[in-house]
Amino acid sequence: MNGSYSNGVGDELELMEKLERALPKYTPPLDMLAQTVFIFIDLYNLQDVDEKNGALTLKLWLYYYYYSSSARWDKSEYNNISSLLVPPGTFWTADIVPLDAIEVNYEAFDRQFVDSVTGLVSCWSSFVTIKTSCPFDVRDFPYDSHHCVISFGPWNSISSMYRLKTDPFFNLIQADLTYYVDHDEWDLLTPVAIAQSNRTWRGIREFDIVTMDLKIKRRHLFYSIVFVMPNFLLYLMSALVFLLPVESGEKVSFSITILLAEIVSFGSISDILPASSLNFPRIAYFLCAAVIQTALSSLFTILVINVHYAGGKHKMGMRTRKLISSRYMYLFGLIPCSKEKTFPGKDEDNCEVFDPNKNSVRPQSKSTDVTKASERWASARSRISSRLRTNSNKVSIESDTESKSELPTDDFKLRSIVDRVTFLESETNMAILWVYFAHLLDRIFLAIHLILSVTVIVLLLRL
């Protein structure tokens, strides 16, 4: 009991007996104002948002009260007692509950309050922790916002017993957020609208309800920095595998590392979002496309490496040679070589010589010296051919069908060396052709990768 308004226990007991005779305990008072129970909602905080299980937990302060002329008294007759606190259940209590709640926990103060001036009877006022169901649309994760509706209404009563409304005295069209505490992950979009409506149960029982519309928006800074940005950078970096030289020996490992990172990110998102096929998030589509595209990049990289080291083992067809020497190579940043050099081309004054140590193609004119190895091969061929021409003037060959074994020993060895040098030169040229073709494949796959990346981003934005 409220001792601050009373000097004696006897007056309070006498007043309580009077109110117990005037106010019923099990039915609404006959003189209840407009036969209406009023509700007041004070939102305290959002405790948890579980989008995986579709549940929202919030804490609020609820007031259920009504006005009755039988609850008034002349305070001068009761030692100036203007209000009274009584144990719960002393007077009639409306059976108002959160209708869509999964779990409800009433806490702290639950005593009834009676005011002598207005005749207000507070049948229930308490802290309430409500866990209610809420549909979550996570297609825009982590830039998503959600709309949840919490309904309050009678559990068994119907509209003919009492009406449920908001008090016009307080002009309550939105929840009171005076003591609201912000959530770390979710931002509450204000105002929180309070509306009156009605609901029908199976077309038989109609009753009033009061709804509270909650609109929340995710604070996306954490997910943008920790989740979205790293995955987007990995997706862009996957194209660099086609610019990495084969001689570095890191092309395959670089591609596989990015593929594993994308797979780990794809698995981590399943721990956050619900297993729903109706509202599949865009970020999950992006990760799925990134995994597939990175896997294809790994396969293309293995193909490029095999082509790069195919020299000396496989011959190159004429169509491939024509492709390498065509003017379409300019589209990939490669310039066809001169006819007089390793690769046939259009410009005889300019040639691209492939440097295996740098995995790049550099222009070289006719006046520029070739590599030292090429100079040694050319010098050896020149000396050997001169020696053969000198010896051929001294030796007469009577028949074209005569065996090489009948030639002088020195001449036969010289011719063998010439044939071997010619073979090695052709083998070296073929190896360079394959290296150059592998370089071309790298450029082609890079272009395909970039086109696919742009296509994926455009499709995600249009979803």
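Basis for what follows: all heavy atoms, side chains included, without hydrogens, waters or symmetry-related copies.
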> Quickly, which of Val97, Leu99, Ile41, Ile194 forms a side chain to side chain contact (heavy atoms under 4.5 Å, CB included) with Phe152? Name it, please.
Ile41

> Has the side chain of Asp31 got a donor or acceptor atom that lies under 3.5 Å from a matching backbone atom of Ser68?
no

> Does any part of the side chain of Ile216, heavy atoms only, come nearer than 4.5 Å to the side chain of Asp187, both counted from C-beta?
no

> Around atom NZ of Lys215, are there more than 12 heavy atoms from other residues, nucleotides or ligands closer than 6.0 Å?
no

> One pair to check against salt bridge (charged side-chain N to carboxylate O under 4.0 Å, His left out): Asp140 and Arg282. What are the steps and the verdict?
CA-CA 6 Å; Asp140 296 330; Arg282 297 181 185 179; 3.5 Å; yes

> Looking at Pro154, is its backbone amide N or carbonyl O close enough to the side chain of Ser157 to form a donor-acceptor pair, meaning the two atoms are under 3.5 Å apart?
no

> Does Ser224 use its side chain to pair, donor to acceptor, with the backbone of Phe222 at less than 3.5 Å?
no

> Check for me whether the distance between the ring centres of Tyr223 and Phe141 falls short of 6.0 Å.
yes

> For His220, enumerate each residue passing the ring pair (Phe, Tyr, Trp, His ring centres under 6.0 Å) test, keeping only those at least two apart in sequence or located in another chain.
Tyr143

> How are the rings of Tyr63 and Trp61 set relative to one another: parallel (under 30°), tilted (30 to 60°) or perpendicular (over 60°)?
tilted

> Return the set of residues passing disulfide (SG to SG under 2.5 Å) with Cys148 (not counting sequence neighbours), or none when no residue passes.
Cys134

> Taking 4.0 angstrom as the limit, do Asp50 and Lys52 come out as a salt bridge?
no

> Which distance, rounded to the nearest 0.5 Å, do you find between the OG of Ser151 and the CD1 of Ile209?
4.5 Å

> Distance-only check: which donor-acceptor pairs under 3.5 Å involve side-chain atoms of residues 235-244, not counting sequence neighbours?
unit_1, atom_1, unit_2, atom_2, d
Tyr235, OH, Gln293, OE1, 2.7
Ser238, OG, Tyr235, O, 2.6
Ser238, OG, His449, NE2, 3.0

> If you count the non-hydrogen atoms of other residues, nucleotides and ligands that lie under 6.0 Å from CG in Asp184, is the total more than 12?
no

> Does the cation-pi check pass for Lys59 over Phe127, that is, NZ or CZ under 6.0 Å from the six-membered ring centre and within 45° of its axis?
yes

> For Lys18, does the NZ atom sit with more than 12 other heavy atoms under 6.0 Å from it, leaving out its own atoms?
yes

> Can you confirm whether or not the ring centre of Phe280 sits under 6.0 Å from the ring centre of Tyr285?
yes

> Considering only NZ, NE, NH1 and NH2 on the basic side and carboxylate oxygens on the acidic side, decide whether Glu51 and Arg218 come within less than 4.0 Å.
yes

> A quick test of your reading: do over 12 heavy atoms of other residues, nucleotides or ligands sit less than 6.0 Å from CG of Leu233?
yes

> Is the Tyr66 ring parallel, tilted or perpendicular to the Trp92 ring (thresholds 30°, 60°)?
tilted

> For Glu103, does the CD atom sit with more than 12 other heavy atoms under 6.0 Å from it, leaving out its own atoms?
no

> May I ask you to check whether over 12 heavy atoms, not counting those of Phe254, lie within 6.0 Å of atom CZ?
yes

